[in-house]
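Being a predicted model, the structure only gives us computed values, none of them experimental.
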Amino acid sequence: MSVALQPPPVSSTKAEIPRLALAGVSKSFGALTAVKDVSLSIRRGEFLSLLGPSGCGKTTILNLLAGFETPDTGRVLMDGRPVQGAGPDRLVIFQEPALLPWLTVAENIGFGLPQKPRELHDETVRLLLRLVHLDKFGHLRPHELSGGMKQRAALARALAVDPQVLLMDEPFASLDPQTRELLHHDLQRLWLGLHKTVVFVTHSVEEAVRLSDRIAIMATQPGRIRRVLDVDLPHPRDFNSPEVAELRAAIREEMQDELAKLARREGDEGWRP
Amino acid sequence: MKTKHRSLALAIFAASVLAAASAEADSPSPAGIARNLAHGFASGDYLRALGASALRIAAGFTLAALLGGALGILQAAFTPVRRLCGPLTTGVQALPAVCWLPVALLWFGRGESAVLFCVVVGSLFAVALGVRDGLAQVPPLLRRVGQTFGLSRWSQITRITIPAALPAILAGLKQGWSFGWRALMAGELIYATAGLGRSLTAGREAGDANQVFAVMLLILFLGVAVDRLGFGLIEKRVLAKRGLASA
Ligand SMILES: Nc1ncnc2c1ncn2[C@@H]1O[C@H](COP(=O)(O)OP(=O)(O)O)[C@@H](O)[C@H]1O
Ligand SMILES: [Mg+2]
């Protein structure tokens with residue numbers, strides 16, 4: 001905990017191709033425009049949070065980056081090349097842990113690994129189990145784990161395939177605050193050590209401030225990116241420091257507008273029980 | 001297991017009540033049934049009947065599982081096939097297998113093939129339904145897990161779709177077996193050179209109530225044994241693994 005953690009070097013040379021990019025991307029579902037004209041570049045090794053209230057299109061953006069969805073207009077690029085379908089270079093961690101219920105925890109973690117040679121496979125799984133503090137639980141089934149343990153197993157399963165990018169969709173939203181705190185710590189430790197690019201979806205200002213290099217604040221209906229904030233604060237972040245307090249206040253103010261807009265909209269439609 | 005004991009006890013109880021209610025000489029009694037069973041097994045008659053019925057159900061059910069499996073897979077994989085055969089499968093599945101008996105006799109005459117036909121159509125559609133719904137109802141989230149890990153189409157099927165569909169497939173097979181077993185007994189009553197249904201008819205023709213009840217017990221026993229000990233145990237293991245309660 002007390003080790004001074006340094007963020008991985010984020011390369012930001014102008015000429016460099018971003019790890020991930022959305023260029024003028026729009027996506028509609030029927031009559032509903034979920035995201036409209038979104039442009040965003042994510043640098044190698046960067047931890048970027050997509051922050052916004054529920055329904056603003058965060059998951060849609062993540063699904064576009066993952067390749068689960070295709071944009072109606074605009075382009076989604078990974079290392080400068082158009083994304084075509086999902087793949088293990090952009091591994092997705094879902095809001096629910098999405099472990100396979102018929103496999104043990106160890107088998108789940110080894111899911112994306114080559115199954116042969118067996119000794120190497122087993123040894124890698126052992127290391128990964130240790131990495132997420134599940135050493136003693138490899139033989140259990142997912143339904144026997146707590147929510148936090150499941151999400152740690154999902155994290156280990158993702159890291160096993162050594163993806164360049166992790167796409168995380170509110171992965172800790174359904175956990176209790178203490179567990180979430182622990183997982184923040186785990187994720188940060190892993191991110192600082194492994195130099196992955198992370199796109200992290202959240203609706204929690206605290207979570208975004210705690211983890212991110214940059215925070216993309218979203219606007220609702222249709223989903224757009226309202227503002228992108230740099231967070232140049234060392235890790236681990238001290239939530240009592242004036243810098244953090246200032247940043248949180250600034251984000252809250254930015255988001256207040258959005259919440260007010262949502263409230264007005266609901267008011268217009270009238271509240272029906 | 002418990003249910004098996006309970007149904008056996010129930011059958012014996014029903015038999016004894018019948019025995020007590022009737023005062024005629026050839027009325028069934030627990031002792032008479034036991035004697036009949038002992039004699040039937042000693043002479044090898046009941047083993048032969050059990051064997052013949054087991055052989056028929058094995059052949060019929062294997063065929064039904066293959067055809068039903070194929071029908072289910074086709075429906076899950078191709079929307080036009082599902083549109084066309086979907087409602088038909090669901091509807092026909094609800095039809096008691098005995099209703100196929102007249103059709104079987106019309107098409108195949110009184111013979112082995114008619115009985116086999118009854119068993120196959122009796123269980124085929126239940127299997128198809130289980131396979132179809134199991135495959136079609138794989139949670140989208142789990143499909144996406146396979147996609148993000150970059151599974152090939154084939155791996156997606158073997159590592160995600162089939163294991164996810166397994167509980168429903170097993171339920172379909174179990175249902176299909178039980179329908180097939182009933183269909184077989186109905187078929188054997190009409191025509192068979194050997195088998196439990198045939199022994200039942202023989203008992204009736206001879207006016208031997210003890211034999212009728214003894215054979216009913218055998219049919220019940222075999223049916224329950226396969227249902228509970230065969231499918232039941234496999235199903236229980238598959239569900240327990242997934243943290244699901246067995247029905
Ligand atoms: N597959 C879909 N079909 C129809 N509407 C969708 C679909 N996915 C998302 N939406 C709609 O798009 C909007 C944005 O959704 P989403 O990206 O899930 O928001 P968020 O993740 O920020 O809560 C919502 O209004 C949602 O109802
Ligand atoms: Mg979402």
Quick check on B/Leu151 against chain A: is it the side chain, the backbone, both or neither that has a heavy atom closer than 4.5 Å?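 The side chain, not the backbone.
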
Considering only heavy atoms, which portion of [X] lies under 4.5 Å from any heavy atom of chain B: side chain, backbone, both, or neither?
X	answer
A/Leu103	neither
A/Arg157	both
A/Ala154	neither
A/Asn108	neither

Against chain B, work out which of A/Ala66, A/Ala98, A/Gly112 has the most heavy-atom pairs shorter than 4.5 Å and name it. A/Ala98

Among A/Val92, A/Leu91, A/Asp89, single out the residue with the greatest number of heavy-atom pairs under 4.5 Å to chain B. A/Leu91

Let me see the working for B/Ile162 and A/Trp102 under side chain to side chain contact (heavy atoms under 4.5 Å, CB included), right down to the final yes or no. CA-CA 11 Å; B/Ile162 292 176; A/Trp102 54 88; over 6 Å; no

Other residues, nucleotides and ligands only: do more than 12 of their heavy atoms fall within 6.0 Å of [atom1] on [X]?
X	atom1	answer
B/Phe78	CZ	no
A/Lys36	NZ	no
A/Arg118	CZ	yes
A/Glu96	CD	no

For A/Pro88 versus B/Gly150, what's the shortest heavy-atom pair and its separation?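 For A/Pro88 and B/Gly150, the tightest heavy-atom pair comes out as CD-CA, 3.7 Å.
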
Return the minimal non-hydrogen interatomic distance between B/Arg144 and A/Glu69, and the atom names on each side. NH2-OE2, 3.9 Å

Interatomic spacing from CG in A/Leu100 to CZ in B/Arg159 - rounded to 0.5 Å: 8.5 Å

Say you draw a straight line from NZ of B/Lys241 to CZ of A/Arg141; how long is it, rounded to the nearest 0.5 Å?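 Those atoms lie 5.0 Å apart.
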
Taking every heavy-atom pair that is under 4.5 Å apart, which of B/Pro163, B/Pro139, B/Ala164 has the most such pairs with chain A?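 The candidate making the most pairs under 4.5 Å is B/Pro163.
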
Just by modelled atom types, is the A/Ala86 backbone N or O under 3.5 Å from a matching donor or acceptor in the B/Thr148 side chain?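 Such a contact is absent between B/Thr148 side chain and A/Ala86 backbone.
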
